[in-house]
Amino acid sequence: MSTPPPSEAFAFDAVVLAGGRASRLGTSKPRLVLDGARLLDHVLAATRDARATVVVGPDDLASDAYVLTREDPPFGGPVAGAAAGLAALPDGAAPWVLLLACDVPRAAEAVPLLVAGAATASRTSTSDDDGIDGLHLAAEGRAQWLVGLYRREALDAAVVRVARGVPVGEPSAGDLSDGDRAGAADGPPPSGLHGAPVRRLVSGLRLLEVEDVDGLSTDVDTWQDAESYAHRRAQRSTPSHDLHGSSGGMA
């Protein structure tokens with residue numbers, strides 16, 4: 001049975017970051033074939049319910065299935081890529097945006113957890129002031145910000161803050177003027193974005209961590225990672241058997 005589309009309150013767009021150098025892998029991450037599909041296609045499965053999807057990456061990833069864009073200059077890192085992706089989303093933006101790295105093959109399994117967490121947080125908040133700006137997976141205490149669901153308005157403001165070099169808590173980040181918002185939609189100045197760490201982007205945002213107990217946020221950064229993923233996938237797909245040879249559950 002297919003998953004029903006998200007409700008209007010949790011409608012989301014998606015930005016997939018696919019423009020890194022992949023220096024440790026030595027080949028194109030998005031085009032790496034795992035389990036019969038490109039790594040990018042595994043991640044795009046996570047965006048199937050998105051209103052609009054933008055992939056940030058090189059020209060050879062062009063497709064009619066999504067908008068393709070690139071940070072300028074290229075190889076600017078995930079924050080510059082996120083800014084380019086947000087700027088490329090079409091008009092009529094959804095209130096939430098799914099932000100994903102292209103090297104997380106089980107990202108599609110994470111989206112229902114993120115949407116459910118956002119729905120729960122919204123039901124328990126009494127106003128925007130005590131709400132959240134987003135949520136992301138966390139594995140063994142390590143935040144996985146690039147498997148996250150964020151309020152578009154909060155993420156736009158964070159991009160503008162990083163671009164301007166404004167420290168967290170100082171004016172001009174949280175209270176954007178109409179002109180600032182228009183500038184964010186057109187793409188903020190790149191000065192502070194190139195090479196910025198994701199930690200700087202999310203600093204100051206009210207985020208919830210969703211515990212990743214099943215390794216859904218495990219990325220593929222090396223050939224060993226690719227082999228490990230294939231091995232774990234085979235284990236999950238192989239039926240186990242009891243000592244008498246009767247069919248058991250899934251491994």
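- Under a 3.5 Å cut-off, the side chain of Ser63 and the backbone N or O of Tyr66 do not form any donor-acceptor pair.
- Judged purely by atom type and a 3.5 angstrom limit, Arg164 has no side-chain atom pairing as donor or acceptor with the backbone of Val159.
- Distance check, rounded to the nearest 0.5 Å: SG of Cys102 to CG of Leu40 gives 6.5 Å.
- Between Asp59 and Arg70, none of the side-chain N atoms (NZ, or NE/NH1/NH2) sits under 4.0 Å from a carboxylate O, so this pair counts as no salt bridge.
- With respect to Asp60 and Arg31, a salt bridge is recorded, a charged nitrogen being found less than 4.0 Å from a carboxylate O.
- Residue Leu135 comes nearest to Ala118 through the heavy atom pair CD1-N, 3.5 Å, listed as atom of the first residue, atom of the second, then distance.
- Within the model, atoms CG of Leu17 and CG of Leu100 stand 8.0 Å from one another, a figure rounded to the nearest 0.5 Å.
- A pairwise comparison of heavy atoms in Leu205 and Ala158 identifies CD2-CB, 4.3 Å as the closest pair.
- Looking only at distances, a side-chain donor or acceptor of Asp13 sits under 3.5 Å from a matching main-chain atom of Ala94.
- Atom-to-atom distance recorded for Thr47:OG1 and Phe12:CZ is 7.5 Å, nearest 0.5 angstrom.
- With Arg51 contributing its side chain and Ala14 its backbone, the two residues share no donor-acceptor pair below 3.5 Å.
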Output, in order, the C-alpha distance, side-chain angles, deciding distance and verdict of side chain to side chain contact (heavy atoms under 4.5 Å, CB included) for Leu86 and Asp156.
-> CA-CA 8 Å; Leu86 290 170; Asp156 278 340; 3.8 Å; yes

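- Within the model, atoms NE2 of His136 and CG of Leu98 stand 13.5 Å from one another, a figure rounded to the nearest 0.5 Å.
- Of the residues Leu146, Leu137, Val147, the one that meets the side chain to side chain contact (heavy atoms under 4.5 Å, CB included) test with Val104 is Val147.
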Between Ile132 and Leu207, is a side chain to side chain contact (heavy atoms under 4.5 Å, CB included) present by the stated rule, with each step listed?
-> CA-CA 6 Å; Ile132 62 169; Leu207 301 178; over 6 Å; no

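- Linking Ile, Leu, Val, Met, Phe, Trp and Tyr residues whenever their side-chain heavy atoms come within less than 4.5 Å places Val220 and Trp223 in a single cluster.
- Taking the charged nitrogens against the carboxylate oxygens, Arg151 and Asp133 have no contact shorter than 4.0 Å, which rules out a salt bridge.
- Distance alone, capped at 3.5 Å, places no donor-acceptor pair between the Arg142 side chain and the Ala139 backbone.
- Between the side chain of Arg48 and the main chain of Ala108, no donor-acceptor pair closer than 3.5 Å is present.
- Of all heavy-atom pairs spanning Pro167 and Arg161, the tightest one is O-CD, 4.1 Å.
- The minimum heavy-atom distance linking Ala82 with Leu99 is given by the pair CB-CD1, 4.1 Å.
- The side chain to side chain contact (heavy atoms under 4.5 Å, CB included) test with Val15 is passed by exactly one of Thr69, Leu155, Val56: Val56.
- Under the 3.5 Å distance criterion, the side-chain polar atoms of Glu71 are matched with a main-chain donor or acceptor of Gly76.
- A distance-only check finds no donor-acceptor pair linking the side chain of Asp41 to the backbone of Ala37 [under 3.5 Å].
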Taking it one step at a time, do Leu89 and Arg152 satisfy side chain to side chain contact (heavy atoms under 4.5 Å, CB included)?
-> CA-CA 11 Å; Leu89 285 169; Arg152 174 67 188 274; 3.4 Å; yes

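- Closest approach of Arg200 and Val162 over heavy atoms only: O-CG2, 3.8 Å.
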Evaluation steps, side chain to side chain contact (heavy atoms under 4.5 Å, CB included), between Tyr229 and His42 | CA-CA 12 Å; Tyr229 171 80; His42 284 288; 4.2 Å; yes

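- Rounding to the nearest 0.5 Å gives a distance of 5.5 Å between CD of Glu109 and CG of Leu216.
- The minimum heavy-atom distance linking Leu39 with Asp103 is given by the pair CD2-CA, 3.6 Å.
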